[in-house]
Every structure is written in C-alpha cells, then in structure tokens.
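Below: one structure, written as structure tokens.
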Amino acid sequence: MDVQHDSHYDVAIVGYGPVGQALSTLLGRAGHRVVAIERWPDFYPMPRAVHFDHEVARILQHLGLRPDNSDAIEPYDAMYAWRNADREDLMLVDWSGVGPTGWHTANFFAQPMFEPQLDELARNQPTTSLLRGWEVVDIEQPAEESSEPVRLTLAGSDGTKHNGERRRLSADYVIGADGANSFVRRTMGAEWKDLGFYFDWLIVDLVLHEQQVFDPPAWQLCDPARPTTIVPGGPGRRRWEFMRLPNETIADLNQLDRAWQLLQPWGVRPDNATMERHTVYTFQAKWSEQWRSGRLMIAGDAAHLMPPFAGQGMCAGLRDAMNLAWKLDLVLRGKADETILDSYGPERTPHVRAFIDFSIALGRLICITDPAEAAARDARMIADRKDPNVTPEPAPSPRLGPGVQRSGDPLAGTMSIQPRVTGATNAGLLDDVVGPGILLTTAESALDDRRRKALNDVGITVVALGDAPGDGVVVDDTAAYTTWLASHGAAAILIRPDFAIFGSVSDPADVCDLVDDYLTQLGQTLATQVPVVAG
Ligand SMILES: Cc1cc2nc3c(=O)[nH]c(=O)nc-3n(C[C@H](O)[C@H](O)[C@H](O)COP(=O)(O)OP(=O)(O)OC[C@H]3O[C@@H](n4cnc5c(N)ncnc54)[C@H](O)[C@@H]3O)c2cc1C
C-alpha cells in the first residue's frame, strides 16, 4: 500500500524486527491503521536468534506462523547438555517432548527464513503499511490530556532511494520496537537498569554440505580454554558460538579466517560447509525502568536485553507484543480505559527479569576461563547431577507482575495451558477451536446474556467443558483441562487474549463476580453497557 506524506495512523511501530513484525500483524488484524517504519531496506543480515520455547510457539500459532508448517523451524526433541573440557556431563536439561501448550518444549529456527514469513503475515493485513528505508529521527509527543496525535519525522536512510528525503506522519500511539539502541526509549527518557554482565562472543552460522549427527544436537562446552556453544540453527543449519578469551581483542576474533580456524577441531571446513554469517556480539543484561510514557511505549530489545544462553531474548519480545496488542486494541476500540496501558510495563518487567536472571545464571556457568574456577564448577555440578533432589528446569515459568488480574488469586498472572479439544465444527488445540480469550467453565455456566455480550465485546468467548460438543461446549479430549482445573480447585477460569490468566473461581456461583471484576478492571460498566471512550 502506498503511504501518503502526512498520513495519520492509529499506531506507528518504529522498527521492524520480529517484535515489530508481530505487532504489525496483531494490531493490523484487529483492523487498526498501522504503519511500521524500518530504517533498513531489507531484513537484518547478521546471525541472531535460533531458539524459541513452547509458549512462543503458541504465540506463533496465534500469529498464523504454525511451527509445524514452516520450513524455517524444526522442533527439538532431546537433552540440552552442559559438558566440561573432558566431555563429562555437568547438567542435562530435558528439552524433549511437548510442553503444556501443545507445542514442543524447544524449537530451533533460521531467523533469515523466519522473518520473511512473519513479514508476510503483517503485509497480508489490509490496514498495515510498511515504510522501509526510513529512520525515525524526531518524535513530538503532545502534552498530557491533549487530543493531538504524536508527530514523527522520518529521514530517508543512507544508501536507499529515499536518501536525503524527509517525511512526516502522525499516530495516536507509537511503539518503539526499535532494538537495543531504541530512539523511542531515549525519547521517553527511560533509563536502563544494567546488571553489568558483558561478554563478547563470535557467532557463526553454517550450512553443512552433508548432514551429520550431533548427539545431543544442542550443547554447551564449558571448556575454560574456549567456552563454546553448539546448537542447531534451524532446518539444515548449525550454529557455533565462541567466547572471546581475555587475551584476545574483538578485532582478532571478528575475522572470517579466525572463524574457520575455530571450526577446524569440529571437522567443519570451507570444503564441507558454507558459512552464512559471522559476527562478534557483546552479550548484555539490562531492562528499561519505564515501558510507557503517555502515547509512547517500547517492546522487545528496546525494553530488555539478555545474554542468549537460554535462547529467550526474542521470546520475551514476542511476549511483550502479545501483552501490549490486546490492551491497545481494546483502548483503540473504546472498549477499555487508556489506564490499562499502565499495566503493560509492571506486568512484563518481573517476567522478563526472571528470564534475564536465568540467562545470567547459565552465562556464569559457561563464561569461565580460569582453570581452577572451572574445576570447582565442574566438581559442584557433577555432585549436583548425582543428587536426586536436583533436577534442572528447562526454563523458568514466572508469573506476570501486578496488572489486569484478579487480586489474591493464586492463578492470576500465570500462563494457561492448551490441550486438544473437540468443538461443534472442528477439533484441535484450544486456540484453533475457540480462539484466545476464553472464559472456561467446568459446567455450562449460568451467565446472563448481558455479561456474555459484554465479554464478547472485549474479545472473550464463553466455553464450557462437556461430554458432547455443541454451541459453546467443547469436549476435553485428553482430560487435561479437567485435571488442570481440578488441581487448582477451579470451576471457572478467565484467560486473557494473551493466554495469561486473569483469575479463577472455585464456586460456579461466583462466575458473575469474576466477569464483573474483569470488566471493571478494563474500565467497563456492565450496568450501563456504555463502553469507556479512549482517552
Ligand atoms: C547472538 C544472538 C543470539 C540470540 N539467540 C536468541 C535465541 O536463540 N532466542 C531468542 O529468543 N532470542 C535470541 N536472541 C535475541 C534476539 O535476537 C533479539 O531479542 C530479537 O531479535 C529482538 O527483536 P526486536 O524486534 O525487539 O529488535 P530488532 O530485531 O533489533 O529490530 C529492531 C529494528 O528496529 C530498527 N530501527 C532501530 N531504530 C530505528 C529508527 N529510529 N527508525 C526506524 N527503524 C529503526 C532496526 O533497524 C531493527 O531492524 C539472540 C541475540 C543474539 C545477538
């Protein structure tokens, strides 16, 4: 779609990496006029993310990029091993099988193939426009309470046909999905909280000419002589990561010849492999202390950075996109008060913090170059392995921080599961049959029509578990929902459109109260059925 100068949009998304692409799809699909602005004329060419977890697989399912139907993605079904220089196992993390969302616990992907697939989903939205080759260089935010839009100035990027040009556009809201050096974050005046974790690693992506078996396919070599990561890089691809040693410079390491030299002990050479990309990254651990300022918000690397040892940076960004998109959608449609946007940062910060801490803990195990320190670590971890009480978790499952949740509810802010169900017209994973945003009850609920309609208006479908599928009734194919609800003593559970649980009730008679609480927190008034108008 051609974009006119001085156009106005509901939302301007600055930056079109995976998080900007996901937001463009989510908000475009909700019918909002969205413009995404990206300074590069094409996709970012350097190696980055290769792994995502089962919860992010569910987000991709929701976006329309099914992990079981993409040639950019392969599920993982093995241990993730941590070994010392003598190749002894220090830790085995079970990444096999399927997680509670119905998708594989771990998945590997090739970002250069994955991003065009996300991009296609965004481009398919008739109300979403993409401006490539333009950099946002100025943002004027209107005074608080003003109904004026945010005004953005764009400069044509060097080396593109727009070089030297300027254009202006306006938007009701601006989301900075503009990466680590986010211009939007700096415009907001938000400060980084920096944990001071800095390590340089050379990252190398390869296509091997002949397939080789790697057992396990993903592992960390905790060798103080050269800490190394060896993982899949998506279908047909492999990734090696080599830590910079104290006696090396970044310039020493960031050389094509050096990359091949480091790969030699692994039997990987130019005659049996093609190197797609290599570069040195400085891993960092930071998060922004503020995620929203008036009409400006940030998401993804603009809001947080973590070392990639748990493969969770982009995952966190896609979780941001899910959290923000449904709230902003309701605000733009006049179905929720603008104040629900205040819950975005407080909900996401403790969650992302848990993954930053986890990534650092893993990093502290591998980024050791002192032989004595490494020997002490090895002894400690081998002893832990023999301790039946120590079972390494695949990843943390933190709850959201305080926000749009039922107060005092033990399930509030945790993630819902997604087993298979059979509905009136189809069977499959719950979101495929019903869609996200659900009030799930164990028996047909006595909700009045006004509450049902009010829930519908804010994107929540009422569904009961039953013996036979029907209108508003699904069969719990594997009894997983029944078991899950029973384990929490819950008779009904309200799942937000981002799969997070708003709250639950143990007595079916309290379901109206649960619904009223939700609507009140959105700023809706059931009594009058008059939606709050966006501020
Ligand atoms: C070596 C490495 C390995 C990693 N491995 C994993 C992994 O396995 N799993 C995982 O989940 N994560 C991983 N990550 C993290 C992951 O790559 C990032 O978290 C993710 O790419 C961030 O996406 P984003 O959309 O927030 O930002 P980006 O992808 O950085 O996109 C931001 C975009 O904004 C654009 N931009 C910036 N400023 C402007 C402006 N003023 N105007 C217009 N455009 C602008 C930039 O050009 C860029 O395209 C890894 C990272 C690294 C470095």
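Ligands are counted one by one from 1 in listed order, and the atoms in each one are counted from 1 as well.
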Between ligand 1 and Y281, can you find any atom pair, the residue atom being a heavy atom, that is separated by under 4.0 Å? yes
Quick one: does R48 get an N or O within less than 3.5 Å of an N or O on ligand 1? yes
Using a strict threshold of under 4.0 Å (side-chain N to carboxylate O), is an ion pair present between R319 and D53? yes
Atom 4 (C) of ligand 1: which of P308, S157, G311 has the nearest heavy atom? P308
Atom 27 (O) of ligand 1: nearest protein contact (heavy atom, Å): G179 CA, 3.9 Å
Residue-level breakdown please: for V14 versus ligand 1, do any non-hydrogen atoms fall below 4.0 Å on the side chain, on the backbone, on both, or on neither? side chain
Measure the acute angle between the ring planes of F309 and F283, then classify it against the limits of 30° and 60° as parallel, tilted or perpendicular. perpendicular
What protein heavy atom is closest to atom 15 (C) of ligand 1, reported as residue, atom name and distance in Å? M314 N, 3.8 Å
Tell me, which protein residue and heavy-atom name are nearest atom 42 (N) of ligand 1, and how many Å apart are they? V136 N, 3.0 Å
Heavy-atom check, side chain of H51 versus side chain of W95, under 4.5 Å: yes
Tell me the nearest of V280, T279, D178 to atom 39 (C) of ligand 1, using heavy-atom distances. D178
Close approach of W40 to ligand 1, heavy atoms, under 4.0 angstrom: yes
Top protein contact for atom 6 (C) of ligand 1, by heavy-atom distance: A49 CA, 3.2 Å
Polar-atom distance check: G313 versus ligand 1, any N or O pair below 3.5 Å? yes
Does the side chain of V34 come within less than 4.5 Å of Q125's, by heavy atoms? no
Check whether any N or O atom of A180, backbone or side chain, sits under 3.5 Å from an N or O atom of ligand 1, and answer yes or no. no
Among all protein heavy atoms in this structure, tell me which lies nearest to atom 24 (P) of ligand 1, with the distance rounded to 0.1 Å. V19 CG2, 3.8 Å
Relative to ligand 1, is I203 under 4.0 angstrom through side chain, backbone, both or neither, heavy atoms considered? side chain
Nearest non-hydrogen protein atom, atom 33 (C) of ligand 1: E38 OE1, 3.5 Å
Is there a heavy atom of G317 sitting under 4.0 angstrom from any atom of ligand 1? no
Quickly, which of D498, D431, L318, L26 forms a side-chain contact (heavy atoms from CB on, under 4.5 Å) with H62? Name it, please. L26
Closest protein heavy atom (residue, atom, distance) for atom 32 (C) of ligand 1: A177 O, 3.4 Å
Which bit of W134 gets closer than 4.0 Å to ligand 1, counting heavy atoms only: side chain, backbone, both or neither? backbone
Should the pair R239 and F108 be classed as cation-pi, given the thresholds of under 6.0 Å to the six-membered ring centre and 45° from the axis? no
Between R132 and D42, does any NZ, NE, NH1 or NH2 come within less than 4.0 Å of an OD or OE carboxylate oxygen? no
With atom 43 (C) of ligand 1 as the reference point, say which of Q111, H51, R186, R39 has the nearest heavy atom. R39
Report the part of P18 (side chain from C-beta onward, or backbone N, CA, C, O) that has a heavy atom under 4.0 Å from ligand 1; answer both or neither where that applies. both
